[in-house]
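Worth saying up front: this structure is predicted, and the values here are computed from it rather than measured. We're numbering straight along the sequence, starting at 1. Worth knowing before you read on, the calculation uses all heavy atoms, side chains too, and leaves out hydrogens, waters and symmetry mates.
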Amino acid sequence: MGTTLSCCVSPNASPKLGRHIRPAEPDYESEIYEAGHHLQHISDREMPEDLALESNPSDHPRASTIFLSKSQTDVREKRKSNHLNHVSPGQLTKKYSSCSTIFLDDSTVSQPNLRTTVKCVTLAIYYHIKNRDANRSLDIFDERSHPLTREKVPEEYFKHDPEHKFIYRFVRTLFSAAQLTAECAIVTLVYLERLLTYAEIDICPTNWKRIVLGAILLASKVWDDQAVWNVDYCQILKDITVEDMNEMERHFLELLQFNINVPASVYAKYYFDLRSLADDNNMNFLYSPLSKERAQNLEAISRLCEDKYKDLCRAAIRRSFSADHFTGIRRSNAILS
């Protein structure tokens, strides 16, 4: 998991899609300082008290995710309709474990299934749009002001909510072309909900593409060690410019108040809530019997994670002991002098 945010401008080629040469891009940091604004360093930034409350799901593990709560309205209506119309749930497609056979899917919190995860994330975005509170937006994300294509988009397009398959097709194209991971999709959803909460806006037909694109762009840089650069997305979306991507990324970061940290507990919560969303919408994961070889692989992975955790604990103890020992030496020297 990458922990650093790559800069959106660089004179070098992209590490992932580096078969092109591009002109130098503008240095936005110097432009911002020239304009008289001061960008606070991430380490100096403090979370505002009203955003640090446990009610913010993208920051606190005990707060319920927004997408799951928005989906419950449709889930309840669907169950009520089936009950009133005496609709049978049909043949059960999910496999259950028995005394002789254990069924497991190939998706775990540390290694989610890419296709299913992207489907669940786009379904969460679909419910965000469908059950939005209002149509609050910002110009930087408005597709009418900043179109993603040179072709004229009819105004009628912005009056209807996009279908889930249309959102999935858009996100799947980006993930496939940029070779992004399933973990990146989960972080994308965290950033999206964080943006909606911090900026107090809604995701709607006029802005959903640019908001999703900005969240993917940022998540790929924070999560992946080899991030896809802004110019690479310009090769995927042929009509968008690097300058537009840079400006959107800068605004996205400012609206997040540069809070790009995703705690492991928050990540895990989003992963399991996405699984709950899949169950509520009959999007079953692919289950298969647990074989001896697969059980051995799972045991090896578990042992590896446990060893890594122990190494981290030992390193933390050593650092703490070294710091205390150094402090004791300094105090002894001060007394002797």
Side-chain angles (χ1 to χ4, degrees), residues 56-58 63-75 78 112-138 140-143 146 148 157-178 180-220 222-223 233 236-237 248 252 255-256 262 266-267 269-283:
N56 191 343
S58 64
S64 301
T65 52
I66 303 174
F67 71 85
L68 194 60
S69 61
K70 286 185 176 294
S71 69
Q72 292 309 301
T73 303
D74 290 47
V75 171
K78 187 184 301 182
N113 178 276
L114 176 59
R115 182 175 178 272
T116 308
T117 302
V118 171
K119 269 196 169 184
C120 292
V121 168
T122 53
L123 184 61
I125 296 171
Y126 166 79
Y127 279 121
H128 262 291
I129 300 173
K130 181 182 179 184
N131 298 324
R132 63 189 181 274
D133 298 325
N135 290 299
R136 299 168 299 175
S137 186
L138 294 172
I140 187 63
F141 299 120
D142 197 319
E143 202 175 336
H146 303 273
L148 298 177
Y157 166 83
F158 300 110
K159 295 181 179 179
H160 301 284
D161 296 341
E163 297 180 8
H164 172 230
K165 62 180 181 181
F166 188 67
I167 303 172
Y168 172 69
R169 196 179 302 127
F170 176 76
V171 176
R172 184 192 61 186
T173 300
L174 293 175
F175 269 71
S176 177
L180 301 177
T181 62
E183 298 93 332
C184 185
I186 298 174
V187 177
T188 294
L189 184 58
V190 175
Y191 285 158
L192 186 146
E193 293 207 339
R194 188 172 291 175
L195 175 75
L196 300 183
T197 305
Y198 281 31
E200 297 183 347
I201 61 176
D202 304 282
I203 183 168
C204 54
T206 60
N207 64 14
W208 74 266
K209 277 188 177 181
R210 290 181 63 86
I211 288 180
V212 170
L213 178 59
I216 291 175
L217 185 154
L218 194 58
S220 67
V222 174
W223 186 267
Y233 290 99
I236 302 170
L237 304 170
M248 182 170 63
F252 207 110
L255 291 169
L256 292 188
V262 179
V266 170
Y267 171 89
K269 175 188 65 177
Y270 272 79
Y271 168 80
F272 287 111
D273 278 5
L274 284 170
R275 290 190 67 107
S276 298
L277 182 70
D279 287 339
D280 291 340
N281 290 270
N282 299 320
M283 291 174 55

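- Under the 3.5 Å distance criterion, with hydrogens and angles disregarded, no donor-acceptor pair is assigned to the side chains of N131 and T73.
- Looking only at side-chain heavy atoms (C-beta outward), T188 and V171 stay at 4.5 Å or farther from each other.
- Classified by interplanar angle (parallel below 30°, tilted 30° to 60°, perpendicular above 60°), the ring pair Y270/F67 is tilted.
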Check the pair I125 / F170 against side chain to side chain contact (heavy atoms under 4.5 Å, CB included), numbers first and verdict last. CA-CA 12 Å; I125 296 171; F170 176 76; over 6 Å; no
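- Remark: side-chain polar atoms of T197 are paired, donor with acceptor, to backbone N or O of E193 under 3.5 angstrom.
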Determine, stepwise, if the pair L256 / L195 fulfils side chain to side chain contact (heavy atoms under 4.5 Å, CB included). CA-CA 6 Å; L256 292 188; L195 175 75; 4.1 Å; yes
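- For the residue pair Y127 and N281, a side-chain donor N or O sits within less than 3.5 Å of a side-chain acceptor on the partner.
- Panel note: side chain R172, backbone R169; no donor-acceptor pair is recorded below 3.5 Å.
- Side-chain contact between L148 and L213: present, with at least one pair of heavy atoms (C-beta onward) separated by less than 4.5 Å.
- Here the side chain of N207 pairs a donor or acceptor atom with the backbone of C204 at under 3.5 angstrom.
- Listed for the H164 side chain is a donor-acceptor partner under 3.5 Å among the backbone atoms of K119.
- Ring centroid separation for the pair W223 and Y191 does not come in under the 6.0 Å cut-off.
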